[in-house]
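Take a look at the structure below.
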Protein chains: 2
Amino acid sequence: MRVDVTSVVDDRGTTDVAGHDVLAPDCPSRVVFGRIGERWTMLVILALARAGTLRFTELKTQVGRVTPKVLTETLRALEDDGLISRRAFQDSPPRVEYSLTPLGESLLEPIDAMRAWAERHVPEVLAARERAASA
Amino acid sequence: MRVDVTSVVDDRGTTDVAGHDVLAPDCPSRVVFGRIGERWTMLVILALARAGTLRFTELKTQVGRVTPKVLTETLRALEDDGLISRRAFQDSPPRVEYSLTPLGESLLEPIDAMRAWAERHVPEVLAARERAASA
DNA sequence: ACGTCCGGTATCTTCAACGGAACTTCCCTC
DNA sequence: GAGGGAAGTTCCGTTGAAGATACCGGACGT
């Protein structure tokens, strides 16, 4: 199929029912994995999932050692993707509340699958890493 | 507040049954998300999942425009984590075969959950992105 | 009048990832 | 003896994300 890199593997049903080629660099799953692979997004999403709603500084302390700049970037990106919503009140001092959108909440399911895998298998991964390091 | 990353949020059951704090920077899920967030790992794992076994150059062509150096790095990292196995034969010309370990195969399940989410929801994400871009 | 809180910006620097191209070793074929 | 795989390695350069630090503007308390 079109897309340059393509046709890499037409010979064995590599595209799913929806017509996506999971190996193509522009596959939707790449978009998703790219986003959740970024350093702070998971932490932000999980923090919001727990708290429901958090203000900027609350988020900052919950998430850990993130600098305001990077946190802002992360939040903007997630907002642009429709995963979180930002409501600003013009109180003084300023108040801004972040929370998950329904779309963001729906992402919790696959995230949790990943987390479950991690909890079950990370000991094996760490053991393998240690073996590799000492070798 | 004590800053040590721990005990960030003891006030609301934030640790799961296994005692992991999902928000801690050293949480196992971070390890996993970090790894799969890297640029080529997904592609390698999915290619191997399909083919079963691949040689270096086969992998290289399947995965796309990856340079040998980066592919080697990716493969080494995955091998160190126990997700793929590398068998070298001393034929000539050299032959090396890569395949998923059982651990690597077990990772396919959460990956697929993620992929399923992506396929269902990426249109919404892209729509949100476009709204954000034009605003 | 002064400092504080809040939600950020602005600027600078550092660091790891990624990439390109050439080189290597070993054996084989032409 | 010239060339050609296979599976990398080495050297070098670029880039983009992340971090540190400082600052801002407006209301508020004291």
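Here is the naming used below: chain letters follow the sequence lines, and residue numbers restart at 1 for every chain. Every heavy atom of this structure was used, including side-chain atoms; hydrogens, water molecules and symmetry mates were not.
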Does the side chain of B/Leu71 reach to within under 4.5 Å of the side chain of B/Trp40, using non-hydrogen atoms?
-> no
Is there a side-chain contact between B/Phe56 and B/Leu75 (heavy atoms, below 4.5 Å)?
-> yes
Please list residues of residues 75-82 of chain A whose heavy atoms come under 4.0 Å from any atom in DNA chain D, ordered by number; otherwise none.
-> none
Taking A/Arg129 for its side chain and B/Gly82 for its backbone only, find out whether a donor-acceptor pair lies under 3.5 Å.
-> no
Dump the intermediate steps for side-chain contact (heavy atoms from CB on, under 4.5 Å) on A/Leu78 and A/Arg35, then the final yes or no.
-> CA-CA 8 Å; A/Leu78 290 175; A/Arg35 174 68 69 227; 4.0 Å; yes
Can you tell me how far P of D/dC28 sits from CZ of A/Arg95, to the nearest Å?
-> 14 Å
Distance below 4.0 Å between A/Arg55 side-chain N/O and C/dG7 OP1 or OP2 = yes
Annotated protein contacts, base or backbone, on nucleotides 15-25 of chain C with a non-hydrogen cut-off under 4.0 Å, one of B, S, - each | ---BBB-----
Name the one of A/Asp81, A/Leu107, A/Thr74 that satisfies side-chain contact (heavy atoms from CB on, under 4.5 Å) with A/Thr41?
-> A/Thr74
Verify, without hydrogens or angle tests, whether B/Arg30 (side chain) and A/Arg39 (backbone) share a donor-acceptor contact under 3.5 angstrom.
-> yes
Specify the separation, in whole Å, of atom CZ of B/Arg87 and atom C1' of D/dA7.
-> 16 Å
A/Glu130, CD atom: more than 12 neighbouring heavy atoms under 6.0 Å | no
Check whether any side-chain heavy atom of B/Phe33 sits under 4.5 Å from a side-chain heavy atom of A/Met114, and report yes or no.
-> yes
Starting at CD of A/Glu58 and ending at P of C/dC6, how long is that distance when rounded to a whole Å?
-> 9 Å
Within this structure, what is the CZ-to-C1' distance between A/Phe89 and C/dC6, rounded to whole angstrom?
-> 14 Å
Whole angstrom is fine here: how far is it from CZ in A/Arg86 over to C1' in C/dC6?
-> 12 Å
DNA chain C: 5'-proximal contact among B/Pro93 and A/Glu97 (nearest heavy atom) | A/Glu97
Give a yes or no on whether the backbone of B/Lys60 and the side-chain of B/Thr57 come within a donor-acceptor separation of less than 3.5 Å.
-> no
Value in whole Å for how far the P atom of C/dG7 lies from CG of A/Leu54 = 11 Å
Quick one: B/Asp91 CG to C/dC26 P, roughly how many Å, whole number?
-> 15 Å
Specify the separation, in whole Å, of atom NZ of B/Lys60 and atom P of D/dG5.
-> 14 Å
